Protein chains: 2
Amino acid sequence: MDDPTPIRAGTAAWWLARTENADDRPRRRRMLSLELIADAALSLLDTEGAEALTMRRLAQRLECSQAALYRHVTSRDELVVVAMDRAVGLGLRPPPEGLGWRESVEWQSHSFRDFLLAHPGLVVFMRGTERLSPTSLSGLEHSIAQFVGIGLTVREAYATASAFATFVVGSVQFNLGVDTADPEEQRMRRRLYEGLDPDRHPILTAHAEELSRVGSRDEFEFGLAALLDAIEARITG
Amino acid sequence: MDDPTPIRAGTAAWWLARTENADDRPRRRRMLSLELIADAALSLLDTEGAEALTMRRLAQRLECSQAALYRHVTSRDELVVVAMDRAVGLGLRPPPEGLGWRESVEWQSHSFRDFLLAHPGLVVFMRGTERLSPTSLSGLEHSIAQFVGIGLTVREAYATASAFATFVVGSVQFNLGVDTADPEEQRMRRRLYEGLDPDRHPILTAHAEELSRVGSRDEFEFGLAALLDAIEARITG
DNA sequence: ACCTGAACACCGTTCAAGT
DNA sequence: ACCTGAACACCGTTCAAGT
């Protein structure tokens, strides 16, 4: 009696069905619960990395059978979305009181980035499917309100809030493969730049040493400052 | 006689070894080559999606055994990095002549984004490990030169070029899970917003219809304009 | 010298069979 | 009503055995 065309996890329809049915869902006491599974998934990601998130290892950690997991979750994809919803809840921290809008947005961006960097196992799974979760929507509402408060239209505020989220998550994601802060990686990078053909790469060869030390952090700071400047320009004139 | 501590694909050391040894590597005529494998991988990604990139299916497409692939590539990870290098080569198009710097950067950003959107299967695999490939480094040199030409320091130009790459790839990546342009998705999103608690979500409920139509495109345009404005501000003031 | 079949240790998911 | 063992159809990777 399952739905013949299953709804893909993370779509609006999926989150809609989830929030609408929240109250009628059976709430018997059980050993296993969706929350317990999602939290176990997050701790698995933290301790053993992204590749370790398998149904087998999760079941092992929860001391149940693999099949038992499918009682609370229809697929691994769905589990991932639910786990990311929880992760967002853990990562979003309210900024300290009394900051101006710029410092506040800056603080929140850094805070969420630091959270992602501290939990690299999560990052691969952040694909935007957690954006409509209750947790994310609370953050979104708050973020839009902040931007409307300084003079943006609702629509602008929404796009702006989304762009910040996209940039913060995106910049961590696009730098996952390689650790640019690692001195050994920097040394190798320098040798790579130095060894290029100077005719075809005049700048990279000439500034090999300096450029080998520029990393994902610099990229992030530049982009963040740019986004903040753009808002400032828009509201002042 | 293999290296006891294998070098991770995509690190500077890996690209270094690859470019330094390029000339001594045996160049016998073979049916199979690294380029052929990488291109087959890309076409597999295009026609069957990201999950279809397996060694088995690739071997099937190339009419060889799985084991034969490991003669040209030490692991699936390495294959992915090589394939992404080729993808970057396909995606980077030189801008039309005669554009100003702003229009040129804008054109390049849109052009690469459109490439990624047209080949969604690739995007998951863009994790920054292809940044040091010969193809990417050519693009980087060109991009830095462009920014130095309008007055940025070499270091700023490097961070700026990286931030653009990060933002373009990141924004596509963070919107992979859900198609915000799909009318059905928009309709569901509207219902989701409308159904929220108006006390806790005053803006989302009040502007549900308008906000349900804002998508990843708007995010991207806002962020791109912000980055461009920031450069403009830096060089004029 | 080059390639392959077959195996190994894993996956996600299902379902008849148990209690 | 709930849970599980065992199976199914897949993975990436290795290697003895072939030619």
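Since the model is a prediction, treat every value here as computed from it, not as a measurement.
- Distance, B:Leu69 CG to D:dC11 P: 13 Å, rounded to whole Å.
- One interatomic measurement links the two molecules: CD of A:Glu78 to C1' of C:dT13, which rounds to 14 Å at whole-angstrom precision.
- Nearer to the 5' terminus of DNA chain C, by closest-nucleotide assignment, is the contact made by B:Gln66 (compared with the other of A:Arg56 and B:Gln66).
- Contacts between residues 47-55 of chain B and DNA chain D, counted as heavy-atom distances below 4.0 Å, involve B:Leu53, B:Thr54, B:Met55.
- Taking the six-membered ring where the residue is Trp, the centroids of B:His207 and B:Tyr193 are separated by 6.0 Å or more.
- Atom CZ of A:Arg189 sits about 6.5 Å away from atom CG of B:Leu132, to the nearest 0.5 Å.
- Of all the heavy atoms in B:Arg127 and B:Val124, the pair that sits closest is CG-O, 3.8 Å.
- Between the C1' atom of D:dC10 and the CD atom of B:Gln60 lies a distance of 13 Å, rounded to the nearest Å.
- Distance B:Arg76 CZ to D:dC10 P: 16 Å, rounded to the nearest Å.
- When rounded to the nearest whole Å, the span between NE2 of B:His72 and C1' of C:dC3 equals 11 Å.
- The structure places OG1 of B:Thr180 at 13.0 Å from CZ of B:Arg213, a figure rounded to the nearest 0.5 Å.
- Relative orientation of the A:Phe220 and A:His110 rings is perpendicular, given thresholds of 30° and 60° on the angle between their planes.
- The minimum heavy-atom distance between B:Ala9 and B:Glu78, with the atom names listed, is CB-CA, 3.8 Å.
- In this model, the phosphate group of D:dT4 is not approached by any side-chain N or O of A:Arg71 to a distance below 4.0 Å at OP1 or OP2.
- Nearest nucleotide to the side chain of B:Ser65, out of D:dG5, C:dT13, C:dT4: C:dT4.
- In this structure B:Ser136 satisfies the side-chain hydrogen bond (donor to acceptor under 3.5 Å, both in side chains) test together with B:Ser133, sequence neighbours excluded.
- Between A:Leu137 atom CG and A:Glu141 atom CD the span is 9.0 Å, to the nearest 0.5 Å.
- As rounded to whole Å, 15 Å separates atom C1' of D:dC11 from atom CG of B:Leu79.
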**Report entry** Which nucleotides of DNA chain C pair, in dot-bracket form (Watson-Crick or G-U under 3.5 Å, | meaning another strand)
**Finding:** ||.|||||...|||||.||
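- In the set D:dT13, D:dT4, C:dT4, D:dT13 carries the atom at the smallest distance from any side-chain atom of B:Tyr70.
- Contact check on B:Arg76 versus A:Glu51 returns no salt bridge, with no Lys/Arg side-chain nitrogen under 4.0 Å from an Asp/Glu carboxylate oxygen.
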